[in-house]
Amino acid sequence: MVKLSQENFIKARDYIFANGDDINRAWFSYLFEDNDTDKFLNVLQKYQHENGGFGGGIYYEFDYQGPCLKATEIAVKYILNLKEKPSANHPLIQNMMKYILGLYIPEIGNWGEVVVPEVNNGVHCYWVRFSGEDTTPIENEDERIKKYDANQKVCFAAFVSYYSELVPKELYSDIIKYPTEHILRYWDKNSPDYNKEIFDKGEPYDIEYFQWFVPCLKDKETADKLTSILCQNPTAFMELDFAKSDKDYVHLPCDVAGHPKSIIYPAVNDLVLDSLEYRMGQQKNDGRWPLGWSFGDDKELQKLQIKYETYRSLAMLEKLDRFDMIDR
């Protein structure tokens with residue numbers, strides 16, 4: 001197996017420490033130095049607002065510092081990737097849960113827009129612009145299941161499932177029902193409601209977020225069934241021409257299934273490893289992994305892009321380390 005050289009690992013580390021912020025440096029230290037959960041959580045908590053949501057620059061596609069679900073998603077990701085998860089009694093977790101539950105909309109069976117209007121007032125990438133929110137109640141439960149939008153939102157259902165003891169039983173069941181039933185009905189080739197358009201469209205977001213959700217389910221029989229369904233056609237959401245990632249925004253197999261414990265990894269393991277090796281070769285001499293696309297020509301957007309590439313470079317090191325592909 002090809003591995004990232006120690007020299008290139010050090011280059012990446014130096015780039016991260018030179019261009020990153022407190023959370024980047026804390027996450028690097030957690031992954032590669034001490035595995036100290038409490039130490040990392042102390043840093044993460046600095047990005048949490050009084051209402052339990054996260055902001056303060058933890059997300060790098062806008063400069064809005066206040067709390068929003070999009071920034072809180074990043075905190076969920078950190079927590080679920082900890083080797084030792086904080087207990088449900090931890091103040092960070094309890095306050096975070098209050099924030100997440102407070103924004104759940106039972107009338108649609110989901111969360112609403114993940115950014116707030118204030119994002120538009122500052123520097124932001126056009127794809128994260130607040131463009132309004134439709135929270136019109138969906139009266140029919142079957143219709144709520146059919147229209148379920150997993151992108152950027154089912155991660156909150158994952159958090160709710162993992163820390164289910166903090167959630168009223170009826171509310172917990174309601175939150176978990178919609179993503180579970182959506183997969184069972186519309187992703188399963190053996191279901192009479194199977195929606196082939198999901199796979200023809202080929203957008204990778206839902207399957208990537210579902211991989212956060214399914215392992216957090218307490219009902220392992222249901223989790224196994226959903227895993228089997230998600231493994232039916234995983235390459236539909238992957239770009240198999242790796243070279244397209246040099247200059248375009250695409251998701252290679254290692255981007256869709258970026259962990260050896262990924263529930264779909266066994267179905268695509270060779271593709272994941274081959275694409276990870278290709279990604280490894282995209283590292284620049286300064287140690288970073290470039291995006292392959294541009295945030296824009298505006299100087300402030302370019303500053304955001306540097307932050308995002310730093311975050312991405314750390315994510316690449318994390319991914320390579322998971323697959324034991326770093327020589328250090």
Side-chain angles (χ1 to χ4, degrees), residues 27 37 41 44 48 52-54 58-59 68-88 90 92-106 108-114 144-145 148-184 186-187 204-231 234 237 255-265 315 318-319 322:
W27 190 238
T37 302
L41 289 176
L44 180 62
Q48 188 174 38
F54 283 79
I58 199 174
Y59 185 67
C68 67
L69 283 171
K70 186 60 191 177
T72 303
E73 173 199 318
I74 305 303
V76 171
K77 188 173 186 178
Y78 281 127
I79 290 165
L80 294 183
N81 280 319
L82 288 167
K83 295 172 185 176
E84 179 184 348
K85 310 289 190 297
S87 76
H90 197 292
L92 181 148
I93 298 298
Q94 294 194 342
N95 292 334
M96 192 172 173
M97 185 64 82
K98 290 177 184 176
Y99 176 77
I100 288 172
L101 293 181
L103 292 175
Y104 181 68
I105 307 171
I108 66 172
N110 207 343
W111 285 264
E113 178 58 60
V114 296
R144 290 198 291 268
I145 292 169
Y148 187 81
D149 180 12
N151 183 22
Q152 304 179 93
K153 299 172 184 177
V154 77
C155 58
F156 305 119
F159 185 79
V160 163
S161 185
Y162 192 87
Y163 290 105
S164 58
E165 62 267 45
L166 296 177
V167 187
K169 187 175 181 180
E170 186 175 339
L171 179 57
Y172 168 79
S173 297
D174 189 70
I175 289 171
I176 298 305
K177 170 177 55 184
Y178 294 105
T180 299
E181 286 296 321
H182 181 78
I183 297 172
L184 290 172
Y186 298 105
W187 285 60
Y205 307 107
D206 286 2
I207 197 169
E208 292 179 12
Y209 281 100
F210 279 140
Q211 289 177 83
W212 298 30
F213 171 68
V214 173
C216 291
L217 289 173
K218 297 295 193 293
D219 183 346
K220 295 308 174 187
E221 183 177 345
T222 298
D224 289 344
K225 190 170 185 179
L226 298 181
T227 295
S228 178
I229 293 170
L230 294 177
C231 286
F237 308 102
D255 304 320
V256 178
H259 199 299
K261 293 182 179 179
S262 159
I263 58 176
I264 68 169
Y265 174 67
E318 180 179 6
K319 196 176 299 185
R322 290 171 181 164

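The model shown is predicted, which means the values in this text are computed figures rather than measured ones. Just so you know, these numbers use all the heavy atoms, side chains as well, and skip hydrogens, waters and symmetry mates.
The shortest side-chain heavy-atom distance between Cys216 and Leu80 falls under the 4.5 Å cut-off. Within the 4.5 Å cutoff, the side chain of Leu101 has heavy atoms near those of the Ile175 side chain. With contacts defined as side-chain heavy-atom distances shorter than 4.5 Å, the pair Trp212/Val154 does not qualify. At least one side-chain heavy atom of Leu41 sits under 4.5 Å from a side-chain heavy atom of His90. Side-chain contact between Val76 and Ile79 is absent, with no heavy atoms from C-beta onward closer than 4.5 Å.
When all heavy atoms of Phe210 and Leu230 are compared, the closest pair comes out as CB-CD1, 3.9 Å. Smallest separation of non-hydrogen atoms from Arg144 and Ile108: CD-C, 3.5 Å. Nearest heavy-atom pair, Pro204 versus Phe237, reported as atom, atom and distance to 0.1 Å: CB-O, 3.3 Å. Taking all atoms of both residues into account, the shortest heavy-atom contact from Pro234 to Cys231 is CD-O, 3.2 Å.
One N or O on the side chain of Asp206 and one on the backbone of Asn151 form a donor-acceptor pair closer than 3.5 Å. A distance-only check finds a donor-acceptor pair linking the side chain of Gln48 to the backbone of Leu92 [under 3.5 Å]. Remark: side-chain polar atoms of Gln94 are paired, donor with acceptor, to backbone N or O of Ala88 under 3.5 angstrom. Looking at Ser228, its side chain never comes within 3.5 Å of a backbone N or O of Asp224 through a donor-acceptor pair. Remark: the backbone N or O of Tyr59 is not paired with any side-chain donor or acceptor of Lys70 at under 3.5 angstrom. Although no hydrogens or angles enter the test, the distance criterion places no donor-acceptor pair under 3.5 Å between the side chain of Asn110 and the main chain of Ile105. The backbone N or O of Ile263 lies less than 3.5 Å from no partner atom in the side chain of Thr227, so there is not a single donor-acceptor pair. Judged by distance alone, with hydrogens and angles left aside, the side-chain atoms of Ser173 form a donor-acceptor pair with the main-chain N or O of Lys169 at under 3.5 Å. Judged by distance alone, the side chain of Thr72 and the main-chain N or O of Cys68 form a donor-acceptor pair under 3.5 Å.
Taking the six-membered ring where tryptophan is involved, the planes of Tyr178 and Tyr148 are essentially parallel, since the angle between them stays under 30° and well short of 60°.
Distance CG/Leu44 to CD1/Ile74: 11.0 Å, rounded to 0.5 Å.
Comment: Glu221 does not engage Lys225 in a salt bridge, judged by the lack of any side-chain N to carboxylate O separation of less than 4.0 angstrom.
Applying the ring pair (Phe, Tyr, Trp, His ring centres under 6.0 Å) rule to pairs touching residues 150-175 yields Trp111-Phe156, Phe159-Tyr163, sequence neighbours excluded.
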Begin with the C-alpha distance, continue with both residues' side-chain angles, and end with the deciding distance and a verdict on side chain to side chain contact (heavy atoms under 4.5 Å, CB included) for Lys83 and Thr37. CA-CA 8 Å; Lys83 295 172 185 176; Thr37 302; over 6 Å; no
Give the intermediate values and the outcome of salt bridge (Lys or Arg N to Asp or Glu O under 4.0 Å) for residues Glu318 and Arg322. CA-CA 6 Å; Glu318 180 179 6; Arg322 290 171 181 164; 3.0 Å; yes
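Applying the 6.0 Å contact sphere to NZ of Lys218 captures more than 12 heavy atoms from other residues, nucleotides or ligands.
Side chains of Tyr104 and Asp174: a donor on one and an acceptor on the other come within 3.5 Å. Side-chain contact check for Tyr265 and Gln211: no donor-acceptor pair (N or O, by modelled atom type) lies under 3.5 Å.
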